[in-house]
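Predicted, not measured: the structure shown is a model, and the values here were computed from it. In what follows, every heavy atom counts, from backbone to side chain, and hydrogens, waters and symmetry copies are set aside. Residue numbers start from 1 in every chain, and the chains themselves are labelled A, B, ... in the order their sequence lines are given, proteins ahead of strands.
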2 protein chains.
Amino acid sequence: MTAKTKDVLPIQFYADPMNSIGYLTRITFRTFSRNLERRTLVHGVTAGQWRFLRVLWIEEGLTQRELSNRVGMREPTTVTALNGMEKSGLVRRVPSKNDRRKVHIYLTPRARKLKDRLMPMVAEVNVVAAKGIDPNDIAVLRRVLLKMSENLTTEEQAYLSAHTGAKLPVGSFVP
Amino acid sequence: MTAKTKDVLPIQFYADPMNSIGYLTRITFRTFSRNLERRTLVHGVTAGQWRFLRVLWIEEGLTQRELSNRVGMREPTTVTALNGMEKSGLVRRVPSKNDRRKVHIYLTPRARKLKDRLMPMVAEVNVVAAKGIDPNDIAVLRRVLLKMSENLTTEEQAYLSAHTGAKLPVGSFVP
DNA sequence: CCCTGATAGATAGAATGCTAAGCATTCTAG
DNA sequence: CTAGAATGCTTAGCATTCTATCTATCAGGG
């Protein structure tokens, strides 16, 4: 099959939202997020905070920039989220000793303990979401979503460097 | 393979954002949306407006509620979006003659003409996103995303009717 | 040393989308 | 008929996240 005749779908195909990757990822993300937050709010953790906790449960002491990249949020968003989390006693900001620009983020004991409570919840939501779906198809889903976001990020960066000459910060995925 | 031993992944699996459907759909949605909006903004159309236009290009005269359901936004969001679109001359609000509660939404000639300009853009972004991915896998992606959002919506509605006795408006998907 | 540019974080302001609650209109059970 | 429920749209207020910009700090070449 040639790329021209078979792989390229007619433009009209994308008129239907049900065929649109943008639409489908948006509604899936929102239903997923809402469903999870309904559970985590029992422990006073919002969806936004959850995303940071999950990363910090794996590795503490990250700087805010590293944290932003791993969570997939912009830095001002991270600042706002951390302000809230600091206020509600989930994280501590610890200034770096080597580099006074940097701030390392550590969990409080309470936030560490929340892991055992909250992790089962995301597993639960994943089970609900995956009901009736072939596990192999879900593996395909993960792989394809990741590849797509990489494709789109690559194109975005190519566009930016071509049109503004801007170099993006190295190693920043930040989709 | 039994469901207990093979299909259920260990909780620890979900600690890594890269395995999280929530994370993956979020970053894919955002990169997709940003990439498309970069193109549509040339014609002064934001990502939010684009979503409504796409639905109205298929069928005009929908009520705001019908429109909300098809676009996948809540009604107050639709009101805000339509206010903006009305102001910038993309849509007209036409009160229903049979039922004075209802308002039908029609495109302006200018908005209709935008279709031929904007539709190729979404095709373009889809091509970028799909680069290097087996078309069959993309079909799997669409099917699985839709099924997941249905699963999660079903569970959400079951929860709501069990805990608040609330009946959701019939036929509303609204993820 | 001391400028210059890069890096880390914070701030300001805007856009987006949500929930909750409020009206007006229509339907429906008695 | 008519009181109460349901429906359709709107408003108010809030949370989230973004872009653009600012300040402070560091690193390297002259």
Side-chain angles (χ1 to χ4, degrees), chain A residues 26-27 29-31 33-34 37-38 41 45-52 62-69 71-88 93-105 156 160 164-172 174-175, chain B residues 26-27 29-31 33-34 37-38 41 45-52 62-69 71-88 93-105 156 160 164-172 174-175:
Chain A
R26 175 164 60 87
I27 63 173
F29 162 62
R30 239 211 301 277
T31 49
S33 180
R34 242 206 306 264
E37 187 173 54
R38 197 184 78 217
L41 273 181
V45 175
T46 68
Q49 296 176 334
W50 154 266
R51 286 167 202 140
F52 287 91
L62 296 168
T63 65
Q64 297 191 191
R65 176 153 300 179
E66 289 166 338
L67 203 45
S68 301
N69 288 337
V71 171
M73 302 276 193
R74 302 293 184 173
E75 286 166 54
T77 306
T78 301
V79 171
T80 311
L82 289 179
N83 287 344
M85 293 175 77
E86 198 174 25
K87 197 168 294 177
S88 58
R93 278 185 163 101
V94 180
S96 169
K97 279 166 185 164
N98 309 332
D99 187 337
R100 277 188 296 167
R101 292 170 302 180
K102 294 187 182 178
V103 177
H104 299 283
I105 307 298
E156 185 82 0
L160 281 178
T164 72
K167 294 171 276 187
L168 292 222
V170 280
S172 71
V174 191
Chain B
R26 176 164 60 87
I27 63 174
F29 163 61
R30 245 220 303 281
T31 48
S33 180
R34 241 204 309 260
E37 187 172 53
R38 199 184 78 217
L41 272 181
V45 175
T46 68
Q49 298 176 334
W50 154 265
R51 286 168 202 139
F52 287 90
L62 296 168
T63 66
Q64 294 191 194
R65 176 152 299 177
E66 289 166 339
L67 202 46
S68 300
N69 288 338
V71 171
M73 302 276 193
R74 301 294 181 172
E75 286 165 52
T77 307
T78 301
V79 170
T80 312
L82 289 179
N83 287 344
M85 293 175 77
E86 198 175 24
K87 197 169 293 178
S88 60
R93 277 184 164 101
V94 179
S96 170
K97 280 166 187 167
N98 309 330
D99 187 336
R100 278 187 298 169
R101 290 170 304 182
K102 294 186 181 176
V103 177
H104 299 282
I105 308 297
E156 185 83 359
L160 281 179
T164 72
K167 293 171 278 187
L168 290 225
V170 282
S172 71
V174 190

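Exactly one residue among B/Val94, B/Thr78, B/Thr63, B/Leu67 makes a side-chain contact (heavy atoms from CB on, under 4.5 Å) with B/Ile105. That residue is B/Leu67.
Among D/dC9, D/dC18, C/dG9, the nucleotide with an atom closest to any side-chain atom of A/Val103 is C/dG9. When each of D/dA20, C/dC18, D/dG8 is scored by its nearest atom to the side-chain atoms of B/Arg65, the top-ranked nucleotide is D/dG8. Nearest nucleotide to the B/Arg101 side chain, out of C/dT26, C/dG9, C/dG17: C/dT26. Minimum atom distance to the side chain of A/Arg30 is reached by C/dC18, of the listed C/dC18, C/dG9, D/dT19. With D/dT10, C/dG9, D/dC18 as the choices, the nucleotide that has an atom nearest any side-chain atom of A/Pro76 turns out to be D/dC18. Of the candidate nucleotides C/dG9, D/dC26, D/dC9, D/dC9 has the atom nearest to the side chain of B/Val79. When distances are taken from the side chain of B/Gln64 to each of C/dA10, C/dG17, D/dT10, the shortest belongs to D/dT10.
Within 4.0 Å of A/Arg26, counting heavy atoms only, lies no atom of the nucleic acid at all. Counting non-hydrogen atoms under 4.0 angstrom, A/Arg51 reaches the backbone sugars and phosphates but no base. B/Thr80 comes within 4.0 angstrom of nothing in the nucleic acid, heavy atoms only.
Taking CH2 of A/Trp50 as the start and CE of A/Met85 as the end, the distance is 11.0 Å to the nearest 0.5 Å. For the atom pair B/Ser33 OG and A/Arg26 CZ, the distance stands at 8.5 Å (nearest 0.5 Å).
One atom, CG of B/Asn98, and another, C1' of C/dC27, lie 15 Å apart when rounded to the nearest Å. When rounded to the nearest whole Å, the span between CZ of B/Phe29 and C1' of C/dG17 equals 10 Å. The nearest whole Å value for the distance from the CZ atom in A/Arg38 to the C1' atom in C/dT19 is 16 Å. Rounded to an integer number of Å, the gap from NZ of B/Lys102 to C1' of C/dT25 is 12 Å.
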> What's the verdict on side chain to side chain contact (heavy atoms under 4.5 Å, CB included) for A/Arg30 and B/Phe29, showing C-alpha distance, side-chain angles and the deciding distance?
Replying inline: CA-CA 10 Å; A/Arg30 239 211 301 277; B/Phe29 163 61; over 6 Å; no
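Nearest-nucleotide positions on DNA chain D for B/Glu66 and A/Glu75 put B/Glu66 closer to the 5' end. Both A/Ala81 and A/Arg100 lie near DNA chain D, and the one whose nearest nucleotide falls closer to the 5' end is A/Ala81.
Of the side-chain N and O atoms in A/Thr46, one or more sit less than 4.0 angstrom from OP1 or OP2 of D/dT16. Dashed line: the shortest gap from a side-chain N or O of B/Arg34 to OP1 or OP2 of D/dC18 is not under 4.0 Å. Remark: B/Thr77 is in phosphate contact with C/dC18, judged by side-chain N or O atoms under 4.0 Å from OP1 or OP2.
At a cut-off of 3.5 angstrom, the base of D/dT17 holds no donor-acceptor pair with the side chain of A/Arg74.
Put simply, the side chain of B/Glu86 reaches to within 4.5 Å of the side chain of B/Arg93, judged on heavy atoms.
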